[in-house]
A.B. asks: 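The following block contains the structure, expressed as structure tokens.
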Amino acid sequence: MINVRVYGILLGDDKKVLVSDEFIRGGYYTKFPGGGLEFGEGTRDCLKREFKEEMDLEVSIGDHLYTTDFFQMSAFHPEDQILSIYYFAKALEPIRARLSEIPFDFDEQQLKVYAEKKETETFRFIDWNVFNEESVTLPIDKVVAGILKDKF
């Protein structure tokens, strides 16, 4: 089965890069914001929905940056192949979601969500000067981080 994922590259002040720190079924992952394409949805609409659901943030979707061009098995469902699509995103309003400066800095509410759903997330910006492939966890995100650093 093909699992289509859509992610956004949102750059803040001084090109800081927005990432999502996620705690999923006992594992820690730092990735770009986004998620799974739902049936009947276009990729840009998917990304807008994901930002709204995860951060209560309206965004505009900009240029396409990358689509997976190699085989990647899902980290969570070994029977699935992952196809990830990355776009630049721009916040259309101030970010109201809680932002941390510390990786995996989950607050009490986020830990309650984890207890119930076995997954939770928090967001933070990484300074451009320290952002690189090692800043993110997933293999496709690492490729995108390299492309992003080469592009700018």
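Predicted, not measured: the structure shown is a model, and the values here were computed from it.
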A.B. asks: Which pair of non-hydrogen atoms, one from C46 and one from G36, has the smallest distance, and what is that distance?
C.D. replies: SG-O, 3.5 Å
A.B. asks: Is the shortest heavy-atom distance from the side chain of D127 to the side chain of D14 under 4.5 Å?
C.D. replies: no
A.B. asks: Can you name the side chain to side chain donor-acceptor pair (under 3.5 Å) partners of S74, sequence neighbours left out?
C.D. replies: none
A.B. asks: Any chance you could lay out the side-chain contact (heavy atoms from CB on, under 4.5 Å) test for E38 and R49, step after step, and finish with the verdict?
C.D. replies: CA-CA 10 Å; E38 295 181 356; R49 176 185 52 77; 3.4 Å; yes
A.B. asks: With a 4.5 Å limit on heavy-atom distance, are the side chains of V59 and K90 in contact?
C.D. replies: no
A.B. asks: How close do G34 and L47 get, heavy atom to heavy atom, and via which atoms?
C.D. replies: CA-CD1, 4.1 Å
A.B. asks: Given the rule in the side-chain contact (heavy atoms from CB on, under 4.5 Å) test, do N129 and F131 qualify, once you have shown the distances and angles that lead to the verdict?
C.D. replies: CA-CA 6 Å; N129 295 319; F131 178 79; over 6 Å; no
A.B. asks: Is the shortest side-chain heavy-atom distance between R98 and F123 below 4.5 Å?
C.D. replies: no
A.B. asks: Search all heavy atoms of D105 against all heavy atoms of S100 and return the closest pair with its distance.
C.D. replies: OD2-OG, 2.8 Å
A.B. asks: Can you find a pair of side-chain heavy atoms, one from F51 and one from L18, that are under 4.5 Å apart?
C.D. replies: yes
A.B. asks: Answer yes if I9 and M55 sit in the same cluster of Ile, Leu, Val, Met, Phe, Trp and Tyr residues linked by side chain heavy atoms under 4.5 Å apart, and no otherwise.
C.D. replies: no
A.B. asks: Looking only at side chains, do T43 and Y87 share a donor and an acceptor under 3.5 Å apart?
C.D. replies: yes
A.B. asks: Enter the distance from S20:OG to K31:NZ here, rounded to the nearest 0.5 Å.
C.D. replies: 5.0 Å
A.B. asks: How about Y29 and F76: are their ring centroids closer than 6.0 Å?
C.D. replies: yes
A.B. asks: Given L83, which of T67, I140, D69 fulfils the side chain to side chain contact (heavy atoms under 4.5 Å, CB included) condition?
C.D. replies: T67
A.B. asks: Can a donor-acceptor pair be found, under 3.5 Å and without considering hydrogens, that links the side chain of E116 to the backbone of V113?
C.D. replies: no
A.B. asks: Is any side-chain heavy atom of L99 closer than 4.5 Å to a side-chain heavy atom of R124?
C.D. replies: no
A.B. asks: Could you give me the CA-CA distance, side-chain angles and deciding distance for T30 and D21, then say whether side chain to side chain donor-acceptor pair (under 3.5 Å) is met?
C.D. replies: CA-CA 4 Å; T30 298; D21 288 321; 2.7 Å; yes
A.B. asks: Restricting to side-chain contact (heavy atoms from CB on, under 4.5 Å), what partner residues turn up for Y28, sequence neighbours left out?
C.D. replies: F23, F104, F106
A.B. asks: In terms of side-chain geometry, is the basic nitrogen of K52 or D56 positioned less than 4.0 Å from the acidic oxygen of its partner?
C.D. replies: yes
A.B. asks: Do F152 and Y66 land in one hydrophobic cluster if side-chain heavy atoms of ILVMFWY residues count as linked below 4.5 Å?
C.D. replies: yes
A.B. asks: Between V136 and F70, is there shared hydrophobic-cluster membership here, with clusters defined by ILVMFWY side-chain heavy atoms closer than 4.5 Å?
C.D. replies: yes
A.B. asks: Could you check whether any side-chain heavy atom of E121 comes within less than 4.5 Å of a side-chain heavy atom of E54, counting everything from C-beta outward?
C.D. replies: yes
A.B. asks: Calculate, to the nearest 0.5 Å, the distance between atoms CZ and OH belonging to R25 and Y114 respectively.
C.D. replies: 9.0 Å
A.B. asks: For the hydrophobic clusters of this structure (ILVMFWY residues joined by side-chain heavy atoms under 4.5 Å, transitively), does one cluster hold both F32 and V130?
C.D. replies: yes
A.B. asks: State plainly whether the residues K48 and E58 are in salt-bridge range, i.e. N to O under 4.0 Å.
C.D. replies: no
A.B. asks: Is it true that a side-chain atom of Q110 and a backbone atom of D107 form a donor plus acceptor pair closer than 3.5 Å?
C.D. replies: yes
A.B. asks: Taking all non-hydrogen atoms of both residues, which atom of E133 and which atom of G146 are closest, and how far apart?
C.D. replies: OE2-CA, 3.2 Å
A.B. asks: If only atom types and distance count, is the side chain of T68 paired as donor or acceptor with the main-chain N or O of S84 below 3.5 Å?
C.D. replies: yes
A.B. asks: Do you reckon V144 sits in the same ILVMFWY cluster as V17, going by side-chain contacts under 4.5 Å, direct or chained?
C.D. replies: yes
A.B. asks: Enter the distance from L65:CG to Y7:OH here, rounded to the nearest 0.5 Å.
C.D. replies: 14.5 Å
A.B. asks: Is any side-chain heavy atom of I82 less than 4.5 Å from a side-chain heavy atom of I2?
C.D. replies: no
A.B. asks: Determine whether R5 and L37 satisfy the following criterion, side-chain contact (heavy atoms from CB on, under 4.5 Å), listing intermediate values before the conclusion.
C.D. replies: CA-CA 6 Å; R5 316 293 293 174; L37 183 72; over 6 Å; no
A.B. asks: Which heavy atom of L57 sits nearest a heavy atom of P94, and at what distance?
C.D. replies: CD1-O, 4.0 Å
A.B. asks: If we only count heavy atoms from C-beta on, is the I85 to V4 side-chain gap below 4.5 Å?
C.D. replies: yes
A.B. asks: According to the side chain to side chain donor-acceptor pair (under 3.5 Å) rule, which pairs have a member within residues 140-152, sequence neighbours left out?
C.D. replies: Y86-D141
A.B. asks: What's the spacing between T120 OG1 and I24 CD1 if we round to 0.5 Å?
C.D. replies: 9.5 Å
A.B. asks: Taking everything shown except K15 itself, do over 12 heavy atoms lie less than 6.0 Å from its NZ?
C.D. replies: yes
A.B. asks: Would you sort out whether L11 and K16 count as a side-chain contact (heavy atoms from CB on, under 4.5 Å), showing the intermediate values?
C.D. replies: CA-CA 5 Å; L11 301 177; K16 290 181 180 175; over 6 Å; no
A.B. asks: Do other residues, nucleotides or ligands put more than 12 heavy atoms under 6.0 Å from the CD atom of E101?
C.D. replies: no
